[in-house]
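By convention in this document, chain letters (A, B, ...) are assigned in the order of the sequence lines, proteins followed by strands, and residues within each chain are numbered from 1.
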There are 2 protein chains.
Amino acid sequence: MFSNSTKYAIKAVLYLAVHSSEEQKIMIKDIAEPINVPKHYIAKILQALSKKDIISSTKGPKGGFYLTSDQLQTKVMQIIEAVDGEERFNSCLLSLEKCNSDNPCSLHHLVFDEKNKINERLKMTTLKDLRQHIMRGESILPL
Amino acid sequence: MFSNSTKYAIKAVLYLAVHSSEEQKIMIKDIAEPINVPKHYIAKILQALSKKDIISSTKGPKGGFYLTSDQLQTKVMQIIEAVDGEERFNSCLLSLEKCNSDNPCSLHHLVFDEKNKINERLKMTTLKDLRQHIMRGESILPL
DNA sequence: TCTTAAATATGATTTTTATCATATTTTACT
DNA sequence: AGTAAAATATGATAAAAATCATATTTAAGA
Ligand code: FES
Ligand code: FES
């Protein structure tokens, strides 16, 4: 459903959501290890997310990555779109085109409503929401 | 959501469902062109599906691919599994492991019910069903 | 039986995605 | 100012997915 890169991005950002703050920055290697993602790979992803202002970073000693409280309001979908691009989610199941209810492909009716609902949830749910679930023990951050 | 190979496979098999029969076999090139898929690529896919008895084929002059009436009862999910393997659909969104409600990842609750429903539909819906929709003009076979 | 038309088997090439590596820049601290 | 610790930029390599190519097998029809 998601690319590897997106999975990793979400895990990393959630890790930051739970463990970081402006006063508590985290280095790449201390993110990569607990979420079980190759260090160099996640570095590239985090750098891109930082450039897009989805996460924050500072260079140099005592530097690292972190989320501001504003950034805790980021929606899950924004991360997906930042990494994989917008199209991926609205594309038709069978063609290269965009899904289009006026010209539905053969699988359209089987999935459209559910896909839409998932879409809405991903657009609505913030990192803060997910952090809360994790802290309450309702979900986990998998390896 | 699906790999390229799976998309192509579904389109090709649906094309056969609509246009072929034991008396009306169709050659690779006459499948590849209308569904807009590279000829050699779809050839490989069709050969694999034939080996798994999801479609039928005969060699030689007047040969080609077709579906028996039994094969019209194939479920969409069977095609997906034949091409991409079983795991793809039951894997967790964030990890490499299988999705597991007892140890839900952070996105699990956002998608599980809907994903399940889609799953059920794909397991239930046959090629015959989809053919009927197409013939009634309720859906199309996209390029 | 010979020729031809089709799928089949096999493998090579290209493209994309994932992973690894390193030189450069910035910043904190001495 | 100088040193070290961090991200950043850039690019190289590896693995996987997609695409292309071709020799072999099978069956129909002359
Ligand atoms: S048109 Fe194909 S999924 Fe909507
Ligand atoms: S555990 Fe991750 S999707 Fe169910």
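- OP1 and OP2 of C:dT17 both lie 4.0 Å or more from every side-chain N or O belonging to A:Y41.
- Put simply, CD1 on A:I42 is 12 Å from P on D:dA7, counting in whole angstrom units.
- In this entry the distance linking CG of A:N4 with C1' of C:dT17 reads 9 Å, nearest Å.
- Comparing A:G60 and A:K44 against DNA chain C, the residue whose closest nucleotide sits nearer the 5' end is A:K44.
- Between the C1' atom of D:dT19 and the CD atom of B:Q47 lies a distance of 14 Å, rounded to the nearest Å.
- Put simply, NE2 on B:H40 is 14 Å from P on C:dT8, counting in whole angstrom units.
- The residue among B:S50 and A:K62 whose nearest nucleotide of DNA chain C lies closer to the 5′ end is B:S50.
- Counting any heavy atom pair closer than 4.0 Å across all strands shown, A:K39 reaches no nucleic acid atom.
- Within the nucleic acid shown, B:I26 comes within 4.0 Å of sugar-phosphate atoms alone, with no base atom in reach, counting heavy atoms only.
- Within 6.0 Å of CD in B:E138 there are more than 12 heavy atoms belonging to other residues, nucleotides or ligands.
- Residues B:S57 and B:S50 have side chains that bring a donor and an acceptor to within less than 3.5 angstrom of each other.
- Spacing between atom CD of A:E23 and atom P of C:dA28 amounts to 15 Å, rounded to whole angstrom units.
- Considering all non-hydrogen atoms of both residues, A:I42 and A:A32 come closest at CG2-CB, 3.8 Å.
- At the phosphate of D:dA18, OP1 or OP2 sits under 4.0 Å from a side-chain N or O atom of B:S5.
- Not one side-chain nitrogen or oxygen of B:T58 sits closer than 4.0 Å to the OP1 or OP2 atom of C:dA7.
- Among the nucleotides C:dA7, D:dT8, D:dA9, the one closest to any side-chain atom of A:K51 is D:dA9.
- Look at CD on B:Q24: it is 13 Å from P on C:dA6, rounded to the nearest Å.
- In this entry the distance linking CG of A:L96 with P of C:dT16 reads 13 Å, nearest Å.
- Closest to the side chain of B:K59, out of C:dA18, D:dG29, C:dT8, is C:dT8.
- Atoms OG and CD, on B:S20 and B:Q71 in that order, are 9.0 Å from each other to the nearest 0.5 Å.
- Candidate nucleotides C:dT27, D:dT22, C:dT19 were compared by shortest atom distance to the side chain of A:P38, and C:dT19 ranks first.
- Summarising the geometry, the separation between NZ on A:K7 and C1' on C:dA18 is reported as 13 Å, rounded to the nearest angstrom.
- Salt-bridge formation is detected for the pair B:R121/A:E114: a Lys NZ or Arg NE/NH1/NH2 atom is positioned less than 4.0 Å from an Asp or Glu carboxylate oxygen.
- In the set C:dT19, C:dA7, C:dT27, the nucleotide with an atom closest to the side chain of A:P61 is C:dT27.
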